[in-house]
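One structure is given here, and the rest of the page talks about it.
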Amino acid sequence: MATTLRIKQPENFSFDACLQFLDRGFDECLYHVNGKDVKRLIRLQSGLAFITVSSKEHMLIVEIEKENISQEDKSEVYAYTLDWFDLNRDLNPFYQLLKQHNATQSFPQDYFGLRLMGIVDLYEALCWCVIGQQINLTFAHKIKTRLVHKYGDKLSRDGIEYYCFPEPQTLQNIQRQELVDMQFSKQKINYIINISRAFCQGELHKPELLKLTKEQQMTKLTAIKGIGPWTANYVLMKSLRDMTCIAYGDTGLSSSLHTHFKTDKKPDKKIIDAVFKPFASWESYLNFYLWRSLTD
DNA sequence: GGCCAGGACTCAA
DNA sequence: TTGAGTCATGGC
């Protein structure tokens with residue numbers, strides 16, 4: 001059974017720019033970009049759904065394949081797509097700001113219509129951060145793929161296997177040795193189990209976190225071992241959609257700031273804050289665009 | 001072969 | 001509260 005949603009694209013939106021970001025050279029196991037569309041398996045309240053997102057005449061076309069598609073399913077997929085592509089945001093003020101500064105004036109043209117692509121699943125976002133801590137991204141993708149292939153829900157379609165990120169219930173009681181065999185460090189294993197338990201025990205719950213202030217969210221997240229300032233800022237930006245986050249301590253961000261703003265190779269928080277100050281309320285987007293510039 | 005990678009923790013002073 | 005040590009292994 002299949003159905004199609006049509007979502008009007010906002011101004012300053014480029015599906016191609018978003019797709020290019022999704023397909024920027026890493027082996028990504030949670031979605032497949034194939035020319036002009038992106039396909040993935042997502043988890044709805046009522047079960048798994050396979051979606052294909054493409055673009056046609058200023059509309060996003062979302063095909064849903066699932067058994068017994070209900071109105072609730074459609075609403076969920078609609079909300080998911082809005083969140084994933086950050087469609088409910090007017091980028092005009094951000095682009096105006098970028099144009100006012102020499103270091104960033106070319107961004108609105110270079111990356112026109114690129115949205116801050118989200119990680120809708122907070123649990124996935126946190127685990128992904130732990131995986132990516134302090135190791136290179138190529139290797140990070142490699143071990144994430146091993147984890148997802150072993151514990152994630154799967155669906156085969158046209159000869160390709162699509163996966164959902166595993167659920168906390170699955171990973172909270174995992175045999176540590178199995179992750180060691182996948183080349184996770186003991187630290188990362190502990191962190192992932194900590195985070196999984198926090199979700200299973202209800203300590204972390206995205207809808208509840210969304211009701212809190214940014215400071216409260218940071219406190220709640222960093223109280224869990226394995227979630228430091230970098231990870232907290234990353235998930236606030238990518239999953240909770242706070243637009244004022246800066247990934248302090250991020251090597252890629254440091255490198256990009258060095259390139260565009262001529263800062264030290266490892267700028268401290270004070271220097272970073274000074275650079276970001278003129279972009280107040282758009283810090284997350286500037287951070288994201290600076291990351292994007294690394295893969296040019 | 002050595003340095004670094006989308007960090008975070010512990011522990012000493 | 002600051003700094004050094006530790007984790008761990010692939011990528012280049």
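More than 12 non-hydrogen atoms from other residues, nucleotides or ligands lie less than 6.0 angstrom from CD of A:Gln169. Counting non-hydrogen atoms of neighbouring residues, nucleotides and ligands closer than 6.0 angstrom, the NZ atom of A:Lys206 exceeds 12 such neighbours. A 6.0 Å sphere centred on NZ of A:Lys186 holds no more than 12 heavy atoms belonging to other residues, nucleotides or ligands.
Remark: A:Tyr162 pairs with no residue by the side chain to side chain donor-acceptor pair (under 3.5 Å) rule, at least two apart or across chains. Partners of A:Ala198 according to the side-chain contact (heavy atoms from CB on, under 4.5 Å) rule, which considers only residues two or more places apart in sequence or in another chain, are A:Glu203, A:Leu204, A:Ile224. With sequence neighbours left out, the side chain to side chain donor-acceptor pair (under 3.5 Å) criterion links A:Asn190 to A:Arg176. Taking A:Lys36 as the reference, A:Asp16 meet the side-chain contact (heavy atoms from CB on, under 4.5 Å) condition, with sequence neighbours excluded.
With ring centers used as reference points, A:Phe107 lies under 6.0 Å from A:His260. Note: A:His101 and A:Phe279 meet the aromatic proximity criterion, with ring centroids under 6.0 Å apart. Taking the six-membered ring wherever Trp is involved, the centroid distance between the rings of A:Tyr111 and A:Phe21 does not fall below 6.0 Å.
Residues A:Leu116 and A:Arg241 come closest through the heavy atom pair O-NH1, 2.7 Å.
Residues of residues 178-204 of chain A having a heavy atom closer than 4.0 Å to DNA chain C, listed by number: A:Gln183, A:Ser185, A:Lys186, A:Gln187. Near DNA chain B, defined here as any heavy-atom distance below 4.0 Å, the residues from residues 287-296 of chain A are A:Trp291, listed numerically. Listed in residue order, the members of residues 218-229 of chain A having a heavy atom less than 4.0 Å from DNA chain C come to none. Residues of residues 240-272 of chain A that place a heavy atom closer than 4.0 Å to DNA chain B, in numerical order, are A:Gly249, A:Asp250, A:Thr251.
Annotation: ring pair (Phe, Tyr, Trp, His ring centres under 6.0 Å) contacts involving residues 221-241 of chain A, sequence neighbours excluded, comprise A:Trp230-A:Tyr234, A:Tyr234-A:Trp291.
Spacing of P atoms, C:dG5 relative to B:dC4, comes out at 15 Å, to the nearest Å. Going from the P atom of C:dC12 to that of B:dG6 covers 10 Å, rounded to whole Å. Comparing C:dG10 with B:dA8, their P atoms are spaced 22 Å from each other, to the whole Å.
A:Arg24 comes within 4.0 angstrom of a base, heavy atoms only. Residue contacts for A:Gln134: at a heavy-atom cut-off of 4.0 Å it reaches a base atom on one of the strands shown.
Separation of atoms CD1 (A:Ile195) and CG (A:Leu171) is listed at 10.5 Å; rounding is to 0.5 Å. One finds the CG atom of A:Leu290 at 6.0 Å from the CG atom of A:Leu253 (value rounded to the nearest 0.5 Å).
In summary, A:Arg43 and A:Glu167 engage in a salt bridge, as defined by a charged side-chain N under 4.0 Å from a carboxylate O.
Under the side-chain hydrogen bond (donor to acceptor under 3.5 Å, both in side chains) rule, A:Gln183 has a single partner from A:Lys142, A:Arg146, A:Lys188, which is A:Arg146. For the pairing with A:Ile42, the side chain to side chain contact (heavy atoms under 4.5 Å, CB included) check across A:Ile64, A:Leu48, A:Leu30, A:Ile51 returns one residue only, A:Ile51.
Chain A approaches DNA chain C within less than 4.0 angstrom (heavy atoms of the protein), and the contacting nucleotides run 5' to 3' from C:dC7 to C:dG11. Bounding nucleotides for the chain A contact on DNA chain B, 5' to 3', at a heavy-atom distance below 4.0 Å, are B:dA5 to B:dT10.
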With a cut-off of 3.5 Å and sequence neighbours excluded, list every side-chain donor-acceptor pair involving residues 88-100 of chain A.
| from | atom 1 | to | atom 2 | distance (Å) |
| --- | --- | --- | --- | --- |
| A:Arg89 | NE | A:Asp86 | OD1 | 3.2 |
| A:Arg89 | NE | A:Asp86 | OD2 | 2.8 |
| A:Arg89 | NH2 | A:Asp86 | OD1 | 3.0 |
| A:Asp90 | OD1 | A:Asn92 | N | 3.0 |
| A:Asn92 | OD1 | A:Asn12 | ND2 | 3.4 |
| A:Tyr95 | OH | A:Gly113 | N | 2.9 |
| A:Tyr95 | OH | A:Tyr289 | OH | 2.7 |

